[in-house]
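The block underneath contains the structure these notes are about, expressed in structure tokens.
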Number of protein chains: 2
Amino acid sequence: MRKGELTHQAILERAIQLASRVGLQGLSIGGLAEELQLSKSGLFAHFRSKTSLQVEILEAATALFTERVIRPALTQPRGEPRVRALFENWLTWERELVPEGGCIFVAAATELDDAPGPARDRLVQTQRDWLDCLAQAARIAVAEGHFHKDVDVEQFAHDENALLLGFHHSARLLKEPRAETWARRAFDALLRAARPQGS
Amino acid sequence: MRKGELTHQAILERAIQLASRVGLQGLSIGGLAEELQLSKSGLFAHFRSKTSLQVEILEAATALFTERVIRPALTQPRGEPRVRALFENWLTWERELVPEGGCIFVAAATELDDAPGPARDRLVQTQRDWLDCLAQAARIAVAEGHFHKDVDVEQFAHDENALLLGFHHSARLLKEPRAETWARRAFDALLRAARPQGS
DNA sequence: CGGAAAAAAGCACGAGCGTTTAGAAAGAGC
DNA sequence: GCTCTTTCTAAACGCTCGTGCTTTTTTCCG
């Protein structure tokens, strides 16, 4: 019972790293088992199918993301500082993972967007939660008077997310060194436009 | 000689549609052959390997993209109208292809970002050309006085591209109906910020 | 220590993959 | 109509994949 849960967690940990590089579909049971010095059937003692493994990967990654990106931001003061913290924490999350394959959610988004099933459903939920989180932070910023009254918080969340996607894309595909600078500058412009006086 | 080139082109056409949905790696020779009512070995008479097929797919898709998105924009007046046309044409391109799998370049970006080889090189080139095209259009807008003198045209191109990626993501993964509205509004804000007077 | 329970290994399966080879069908030029 | 070239097929290859079944090893508890 003890040992089992330990390896279960070890499998998920390694699987997240691997899937970030090769994708959830590209992830092979055999390859994963080999990296863990385990047999393929040893894996199937912990996950009844590849699909259920994919769902568990997304769940574990979501928990990690919440802990590393969202929770630290909640310690920041309500309003604009928290909005900014969410953005910065995401950048850090991605930057630290870039050599490993970058944000697993972005990596999974493309390959799952046309593959209905439990894995896709789980990913959509995580993405929706993230956008809601961004929108809620912006909503608070409006309430606190940091943002102008008629800022569309959902639009703001969408824009912010688009910048993060753009960063991921430029950093990973084009290996563009200015990607982070560009993303941060664009976000500053977004904040500036949202503030009451306009600068 | 005649018949050969015809099927060659038919293969590429169908392959682009298919790869937009399942990706360049996910594209299977057998499946593609079946859809074309051709044998697998019939395909290999036209492409010596899957990799070279992928490269040809990207080249054909790039040509199509140039014709549908870039060339029509060049008929627009220099400056801001042309910048706007590039954005709108891309939206149209994506919108028309969404049921088929959306923009193939976005679909391919994630799966190739960690897979060195000719296919990746080709994709990077197309992406760089596109960003250069956006930047050049912005540069002209600056020269024409439509944009403020010290607008960073590369930053502008990066921001514009991020918005398009965000649209693709929202439309395909989340099936968000407001995605297009959001993308257009965000782009309007981008233009507004770039203009001399500031509004 | 010993026995029950859990964890992992070994092995085999059917299917699909990209690819090769040899040969049949189709088309063009004389 | 015959021939030569182009275009396509049929069959098989070696490989990897996800998965199931049986057996062995390890772990845990009294």
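Below, read A as the first sequence line, B as the second, and so on, with proteins coming before strands; counting in each chain starts at 1.
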Short side-chain N/O contact to C/dA8 OP1/OP2 from A/His46, under 4.0 Å: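 Affirmative; the distance criterion is met.
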Output yes when at least one side-chain N/O atom of A/His8 is less than 4.0 Å from OP1 or OP2 of C/dA7, else no.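 No, because none of the side-chain N or O atoms of A/His8 sits under 4.0 Å from OP1 or OP2 of C/dA7.
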Separation of [N] [atom2] from [X] [atom1] (nearest whole Å):
{"X": "A/Leu43", "N": "C/dA8", "atom1": "CG", "atom2": "P", "result": "9 Å"}
{"X": "A/Leu6", "N": "D/dT27", "atom1": "CG", "atom2": "C1'", "result": "13 Å"}
{"X": "A/Leu32", "N": "D/dG18", "atom1": "CG", "atom2": "P", "result": "10 Å"}
{"X": "A/Glu34", "N": "D/dG18", "atom1": "CD", "atom2": "C1'", "result": "16 Å"}

Please work out whether the ring planes of A/His158 and B/Trp182 are parallel, tilted or perpendicular, with thresholds of 30° and 60°.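 The arrangement is tilted - the two ring planes meet at 30° to 60°.
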Closer than 3.5 angstrom, by distance alone: can the side chain of [X] be matched with the main-chain N or O of [Y] as a donor-acceptor pair?
{"X": "A/Arg120", "Y": "B/Leu173", "result": "yes"}
{"X": "A/Gln127", "Y": "B/Leu174", "result": "no"}
{"X": "A/His146", "Y": "A/Gly79", "result": "no"}

I'd like to know if the side chain of B/Arg139 pairs up with that of B/Gln136 as donor and acceptor (distance under 3.5 Å, no hydrogens or angles considered).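 Per modelled atom types, B/Arg139 and B/Gln136 side chains form a pair under 3.5 Å.
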I'd like to know if the side chain of A/Asp121 pairs up with that of A/Gln125 as donor and acceptor (distance under 3.5 Å, no hydrogens or angles considered).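 No - no donor-acceptor pair under 3.5 Å links their side chains.
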Within the 4.0 Å heavy-atom criterion, would you say B/Leu38 contacts the bases, only the backbone, or no part of the nucleic acid?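 The residue B/Leu38 makes sugar-phosphate contact but no base contact.
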Output a table of nitrogen or oxygen pairs between the protein and nucleotides 17-19 of chain C separated by less than 3.5 Å.
unit_1	atom_1	unit_2	atom_2	d
C/dC17	OP1	B/Ser28	OG	3.1
C/dG18	OP1	B/Leu27	O	3.4
C/dG18	OP1	B/Lys50	NZ	2.9
C/dG18	OP2	B/Ile29	N	2.8
C/dG18	N7	B/Lys40	NZ	3.4
C/dG18	O6	B/Lys40	NZ	3.3
C/dT19	OP2	B/Lys50	N	2.7
C/dT19	O4	B/Lys40	NZ	3.4

